[in-house]
Visitor: 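Could you have a look at this structure, given as structure tokens, before my questions?
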There are 2 protein chains.
Amino acid sequence: MKETFGEYIKMLRTTHGYTLTQLAGLLDIDFANLSRIENGIRDFDKKKLSKLAEVFSLNIEALQDEYASDQLAKHMYEIGCSKELLKVAEEKAEYRRTLKK
Amino acid sequence: MKETFGEYIKMLRTTHGYTLTQLAGLLDIDFANLSRIENGIRDFDKKKLSKLAEVFSLNIEALQDEYASDQLAKHMYEIGCSKELLKVAEEKAEYRRTLKK
DNA sequence: GTAAATTTGTCAAAGATTGACAAAATGAAT
DNA sequence: ATTCATTTTGTCAATCTTTGACAAATTTAC
């Protein structure tokens with residue numbers, strides 16, 4: 001899925017014909033902040049993922065992966081992550097895995 | 001470099017024969033917290049990277065990359081990042097790059 | 001044993017994120 | 001062009017997280 005998590009939510013919302021107010025109500029969040037989430041200004045609250053999955057009948061594990069990959073992509077984007085830096089990070093992540101065993 | 005940033009600092013400190021108190025003094029941080037940083041309990045403060053580079057005569061850009069890759073590795077480790085998830089994240093990071101132009 | 005060094009405990013201060021509501025802007029319909 | 005619904009932006013207090021600071025406990029080296 002090549003879109004931000006916010007764009008994904010907006011797609012879900014519009015294809016289901018919901019307004020911000022309606023979806024925000026179902027998710028129990030402020031509609032103005034949902035707007036910010038869709039536009040990438042704020043993050044979607046991780047704790048609300050299960051509710052989001054419920055509302056749109058999505059697989060929760062898949063949704064969590066969408067979320068996690070989006071957060072990681074954001075991190076990578078923010079640090080201006082080159083291929084080389086990513087490679088180093090992968091090795092270091094692997095190293096951390098070896099540590100905790 | 002296959003170690004955490006904290007381990008890297010500890011290596012630098014010990015090879016230079018500094019105690020926690022001494023290095024903490026040079027970096028202007030609390031020695032107890034430096035201990036936590038070395039042991040991965042707390043993060044090194046990004047804003048102190050230039051001071052760290054100064055103290056050990058390190059290339060600042062290389063040090064910043066060490067730091068960034070460590071932070072990314074930590075993030076990857078924390079979410080239990082699989083190869084597949086990382087691949088998706090890379091694509092999403094690329095997508096974000098295309099957006100901001 | 002003890003002195004130095006390191007680690008752990010704790011908590012207040014600083015910083016970042018989120019919730020909430022108001023107000024402004026956009027857009028669609030007529 | 002006016003109105004009404006919707007979306008976006010502004011603001012700020014509340015909440016959550018991180019950091020700084022110092023005390024106390026533990027470990028290490030002699």
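Just so it is clear, the structure is predicted and the values come from calculations on it, not from any experiment. Just so we're on the same page: letters track the sequence lines, and every chain starts at 1.
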Visitor: Using a cut-off of strictly less than 4.0 Å, decide whether B:N39 has a side-chain nitrogen or oxygen near OP1 or OP2 of C:dT7.
Guide: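 Yes, B:N39 has a side-chain N/O under 4.0 Å of OP1/OP2 on C:dT7.
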Visitor: Rounded to the nearest 0.5 Å, what separates atom CD in A:E38 from atom OG1 in A:T4?
Guide: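 Here the rounded value is 9.5 Å.
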Visitor: Between atom CZ in B:R42 and atom P in C:dT8, what is the gap in whole Å?
Guide: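 After rounding, the gap between these two atoms is 13 Å.
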Visitor: Grab the CG-C1' distance between B:D28 and D:dT19 for me, whole Å please.
Guide: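 Taking CG of B:D28 and C1' of D:dT19, I get 13 Å after rounding.
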Visitor: Got a second to check how far B:I29's CD1 is from B:L52's CG, nearest 0.5 Å?
Guide: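 Here the interatomic distance stands at 9.0 Å.
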Visitor: Side chain of B:T19: nearest nucleotide among C:dT18, C:dC11, C:dA5?
Guide: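 From the listed options, C:dA5 comes nearest.
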Visitor: Whole angstroms only, please: what is the CD-C1' distance between A:E38 and D:dT8?
Guide: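 The answer, rounded to whole Å, is 11 Å.
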Visitor: Rounded to whole angstrom units, what separation is found between the CG atom of B:N33 and the P atom of D:dG20?
Guide: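 In whole Å, D:dG20 P lies 7 Å from B:N33 CG.
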Visitor: For A:S35, report the nucleic acid contact type (base, sugar-phosphate, nothing); a contact means any heavy atom under 4.0 Å.
Guide: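 It contacts base atoms.
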Visitor: Touch check for A:K47, heavy atoms < 4.0 angstrom, all strands: base, sugar-phosphate only, or nothing?
Guide: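 Touches nothing.
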Visitor: Do A:E3 and B:K92 meet the salt-bridge criterion of a basic N to acidic O distance under 4.0 Å?
Guide: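 Salt bridge flag = no for A:E3 with B:K92.
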Visitor: Where the side chain of B:D45 is defined as all heavy atoms beyond and including C-beta, which of D:dG20, D:dT7, D:dC22 is the nearest nucleotide?
Guide: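 For the B:D45 side chain, the nearest candidate turns out to be D:dG20.
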Visitor: Tell me which nucleotide among D:dT9, D:dT7, D:dA23 gets nearest to the side chain of B:A32.
Guide: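 Of D:dT9, D:dT7, D:dA23, D:dA23 is nearest to the side chain of B:A32.
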Visitor: Name the residue closer to the 5' end of DNA chain C, choosing between B:K10 and A:D30 according to the nucleotide with the nearest heavy atom.
Guide: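 Here B:K10 is the residue nearer the 5' end.
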Visitor: Can you tell me how far P of D:dG20 sits from CZ of B:F44, to the nearest Å?
Guide: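 It works out to 10 Å between those atoms.
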Visitor: Please give, in whole Å, the distance from C:dG19 P to A:L34 CG?
Guide: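 Computing the A:L34:CG to C:dG19:P distance gives 11 Å.
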Visitor: Under a 4.0 Å N-O cut-off, is there an ion pair linking A:R96 with B:D70?
Guide: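 Yes, A:R96 and B:D70 are salt-bridged.
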Visitor: Is B:R36 near enough to C:dT10 that one of its side-chain N or O atoms lies under 4.0 angstrom from OP1 or OP2?
Guide: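 B:R36 to C:dT10 OP1/OP2: no side-chain N or O under 4.0 Å.
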Visitor: Expressed as a whole number of angstroms, how long is the span from B:F31:CZ to D:dT19:P?
Guide: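 It is 19 Å, rounded to the nearest whole Å.
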Visitor: Base, sugar-phosphate, or nothing: which does B:K48 touch, judged by heavy atoms less than 4.0 Å apart?
Guide: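 The residue B:K48 makes no contact with any strand.
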Visitor: To the nearest 0.5 Å, what is the distance between NZ on A:K51 and CZ on A:F56?
Guide: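 Taking NZ in A:K51 and CZ in A:F56, the distance rounds to 13.5 Å.
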Visitor: Within this structure, what is the CG-to-P distance between B:L20 and C:dA4, rounded to whole angstrom?
Guide: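 In whole Å, C:dA4 P lies 15 Å from B:L20 CG.
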